[in-house]
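Since the structure is predicted, the reported quantities are computational estimates derived from the model, not experimental observations. Proteins come first, then strands; the chains are lettered A, B, ... in the order of their sequence lines, and each starts at number 1.
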There are 2 protein chains.
Amino acid sequence: MTSDSLLQRILQESHEMGTAEARVARFVSTQPNQVLHMSMAKLSEECDVSDPTIMRFCRRFGFQGYQDFKLYLAQSLVPSAPFAYEQIVAGDSVENIVRKTARNSLNAIQRGLEDIIPAQIEAGAKLLNGATWIGIYSSGISEITGVDAEHKFQRLGLRCAAVNGRKKQWLHAETSKPSEVALIFSQSGHTKQMVEVATAVRARGARVVSITAADSPLASISDVLIAVTPYERTELLTPIASRLNHHLVVNMLVTSMAVISGSEFPDQLPALDSWQTDKI
Amino acid sequence: MTSDSLLQRILQESHEMGTAEARVARFVSTQPNQVLHMSMAKLSEECDVSDPTIMRFCRRFGFQGYQDFKLYLAQSLVPSAPFAYEQIVAGDSVENIVRKTARNSLNAIQRGLEDIIPAQIEAGAKLLNGATWIGIYSSGISEITGVDAEHKFQRLGLRCAAVNGRKKQWLHAETSKPSEVALIFSQSGHTKQMVEVATAVRARGARVVSITAADSPLASISDVLIAVTPYERTELLTPIASRLNHHLVVNMLVTSMAVISGSEFPDQLPALDSWQTDKI
DNA sequence: CGCAATATATAGTATCACTACGTATCCACA
DNA sequence: TGTGGATACGTAGTGATACTATATATTGCG
C-alpha cells in the first residue's frame with residue numbers, strides 16, 4: 001500500500017490525462033462519497049463522458065475495473081485517526097505522559113499493521129507448528145518478548161524455551177536438532193550474538209524464524225523472516241513503542257498457530273488461570 | 001455506529017439465522033477479503049445457497065443490497081478503521097488474524113486511554129520513587145508484566161525485583177520493611193494470593209501500589225490504586241488485549257517516575273543496548 | 001498537408017444484482 | 001395425529017450493469 005492516498009494520486013495524475021478523463025478525475029476527487037453509490041452509467045453521465053473512459057480511468061491506477069476501483073476508493077475514504085508520534089519531554093505533566101504514551105503505542109501498532117505481512121506470519125506459524133522443540137533467542141531489551149513468547153507457546157502445548165544469556169544460547173544453538181526451530185527476536189538484526197546463533201542453528205540442520213528488520217544480516221540467513229520495521233526515532237521516554245510490534249507478532253503467531261493446527265483455542269486460558277489461582 | 005464492528009455483528013447474529021443464512025455468515029466473517037471480490041453468484045455457490053439468501057443476509061443488517069453491503073464491508077476492513085473489537089474465530093485466515101489482532105490491541109489501548117486516571121499514575125509513581133526497594137508481585141498470566149516492570153525499573157536505577165511463585169512471594173512479603181513498596185499486578189483483583197500478599201505487606205508497614213480492577217478486594221486494601229478495567233469479553237484467541245493495558249501502565253509509571261524525579265531520561269537505552277551488544 | 005498516435009465514443013454482450021413467486025420445513029394447537 | 005400458518009429457502013425471470021471490441025474523432029509532428 002502506498003503512502004499516498006488514492007485521492008491524492010488521482011489529483012496528481014489528472015494533469016497527464018485527456019480532457020474527458022480529467023473531468024472524471026475532477027468529479028471523483030471532489031465528490032468521492034457520491035461516486036461510491038453510483039453506477040458507471042450515472043458517473044459517465046455526470047461527467048459527460050462515455051463509460052469506457054471511466055474504465056480507462058480506473059485501469060490507469062492499476063485497478064481491474066470500476067468495481068475494483070470503487071472498493072478501494074471506499075476503503076481510502078474511511079476516516080482514519082492518525083496518531084502521530086509525540087515525544088515526551090522533561091517537563092511534561094503526568095496527564096500528558098499518560099496521553100502521549102497511549103497515543104504513541106497506538107501509532108506504533110498502526111505502523112506495524114501496515115508493515116507486517118500476513119504471509120510471513122503464516123510461514124512462521126507453520127514452521128513453528130512442525131517443530132519438535134522451539135528455542136527462543138533474544139537479547140537485551142527483547143528478552144522479555146522472548147519470555148512472553150515462551151509463555152504463550154507453552155499454553156498451546158508446544159515444547160519450547162526462552163534461552164537467554166550468551167553462554168546458554170551457545171549451548172542450545174550448537175546442539176540443535178534438524179527437527180527443531182529457532183525463534184529469534186532482534187530489533188535491528190545486526191546484533192552479532194543473534195546472527196551467530198542463527199548460523200550455528202542452521203549449521204546443525206535446524207530452521208530459523210526471525211522477527212527482525214528486513215534487509216538485515218539476521219534476516220538474510222533466516223529460513224522465515226517476519227519483517228518488523230524498527231523505529232528510527234530515538235525513543236526517549238517511550239520504552240514500549242519499539243517492542244510493541246514484536247509483542248504483536250508473537251500474538252499473531254500464537255493465534256495463527258492455534259487456528260492453523262486446528263487445535264482447541266489457546267485461550268481457554270482465563271479458565272486455566274482461575275483453575276490454578278484461588279479467587280476470593 | 002455501534003461499538004461492534006460489522007464482522008462482530010455478523011458473528012453475533014449468525015446464531016439467530018437459519019442454516020443457509022448462517023453458512024453465509026460464517027464464510028463472510030472468516031474470509032471477508034475474498035468476499036469483496038466476489039459476485040453474488042460466486043458467493044452463493046461457495047456457500048451452497050441461492051442468491052436471494054444472500055440478499056436477505058445483507059438486508060438483515062440494514063443494507064440496501066449486496067453492493068451496499070460490500071462497500072461497507074470494505075470500509076470496515078481497512079486496518080485503521082474505528083477500532084471496534086473483533087473476535088477471532090476458528091476458521092479465520094491468517095490475514096484476518098493479523099488484522100484483528102492489531103485492531104483489538106488498538107481498541108484495548110484506546111479504552112485504556114479513557115479509563116486510566118493520570119492522578120493515580122502520579123500517586124503511584126511518587127510512592128515508587130520514594131521506596132528503598134520495590135517488590136513486584138504478580139501471578140499467572142501477569143508474571144511477564146511483572147518481569148517487564150522489573151526490567152524497566154532497573155533501567156531507572158531503582159532497586160526492585162519481580163517476585164514470582166507463591167513461596168517466594170510469601171517470603172518477601174512477610175519480610176517487608178516500612179520503607180519499601182509492593183507493586184502488585186492482578187487482572188481481576190480477586191486473586192487470593194495477591195490479596196494475601198498485599199495484606200502481609202501492609203502489616204509490615206510497607207505500602208502497596210496495585211494495578212487492578214477498581215472495586216475489587218485487592219483495590220480496597222491498596223495504598224494507591226491504579227484502576228484498569230478488565231475485559232469482560234471472553235478473550236478467545238486474543239491473548240494480548242487483556243494484558244496490554246497493564247503494560248501501558250508500566251510504561252506510564254516508568255516515564256512519570258523519570259520525569260518526576262527529574263532524573264536523566266531512562267531511555268538513553270538504545271545506546272545502553274548497543275553498548276553491551278556487539279553489532280555487525 | 002497527411003500520417004501516426006492518442007483520445008474518446010458507439011454498439012454489443014455476458015454477467016450481475018435484484019424481484020416476484022413458488023415450495024419445502026417447522027411449529028402451535030385442534 | 002393432523003392441519004393451518006408462518007418461516008426459511010430456492011427457482012425463474014428481468015432490467016440494469018460492467019466490461020469488450022471496434023469505430024471515429026482529435027491531436028501532434030515531419
Nearest-Å distance for atom pair [atom1]/[atom2], residues [X] and [N]:
X        : N       : atom1 : atom2 : result
Met55(A) : dT22(D) : CE    : P     : 16 Å
Phe57(B) : dA8(D)  : CZ    : C1'   : 16 Å
Tyr66(B) : dT17(D) : OH    : P     : 18 Å
Gln67(B) : dC16(C) : CD    : C1'   : 8 Å

TODO: Check salt bridge (charged side-chain N to carboxylate O under 4.0 Å, His left out) between Arg99(A) and all other residues, then give those that pass, not counting sequence neighbours.
DONE: Glu86(A)
Open item on the list: According to salt bridge (charged side-chain N to carboxylate O under 4.0 Å, His left out), who are the partners of Lys42(B), at least two apart in sequence or on a separate chain?
Closed with: none
Open item on the list: Strictly below 4.0 Å, N to O, side chains only: are Glu21(B) and Arg56(B) in salt-bridge contact?
Closed with: no
Open item on the list: Taking Lys100(B) first and then Asp92(B), would you say they form a salt bridge - that is, a charged N and a carboxylate O separated by under 4.0 Å?
Closed with: yes
Task: Distance-minimising heavy-atom pair for His246(A) and Phe185(A) - done: ND1-CD2, 3.8 Å
Task: Check: Thr101(B)/Asn251(A) side-chain N/O donor and acceptor closer than 3.5 Å - done: no
- [ ] Pull out every residue in residues 30-47 of chain B that has a heavy atom closer than 4.0 Å to any atom of DNA chain C, ordered by number, or say none.
- [x] Ser39(B), Met40(B), Ala41(B)
Counting only pairs under 3.5 Å, give me each side-chain donor-acceptor contact of residues 208-215 of chain A, with atom names and distances, residues two or more places apart or in other chains.
residue: Ser210(A); atom: OG; partner: Ser222(A); partner atom: OG; Å: 2.4
residue: Thr212(A); atom: OG1; partner: Ser186(A); partner atom: O; Å: 2.7
residue: Thr212(A); atom: OG1; partner: Gly189(A); partner atom: N; Å: 3.1

Task: Contact pattern, 5' to 3', of nucleotides 4-11 of chain C - B, S or - by protein heavy atom under 4.0 Å - done: ---SBBB-
Task: Residues forming a ring pair (Phe, Tyr, Trp, His ring centres under 6.0 Å) with Phe57(B), sequence neighbours excluded - done: Phe61(B), Phe69(B)
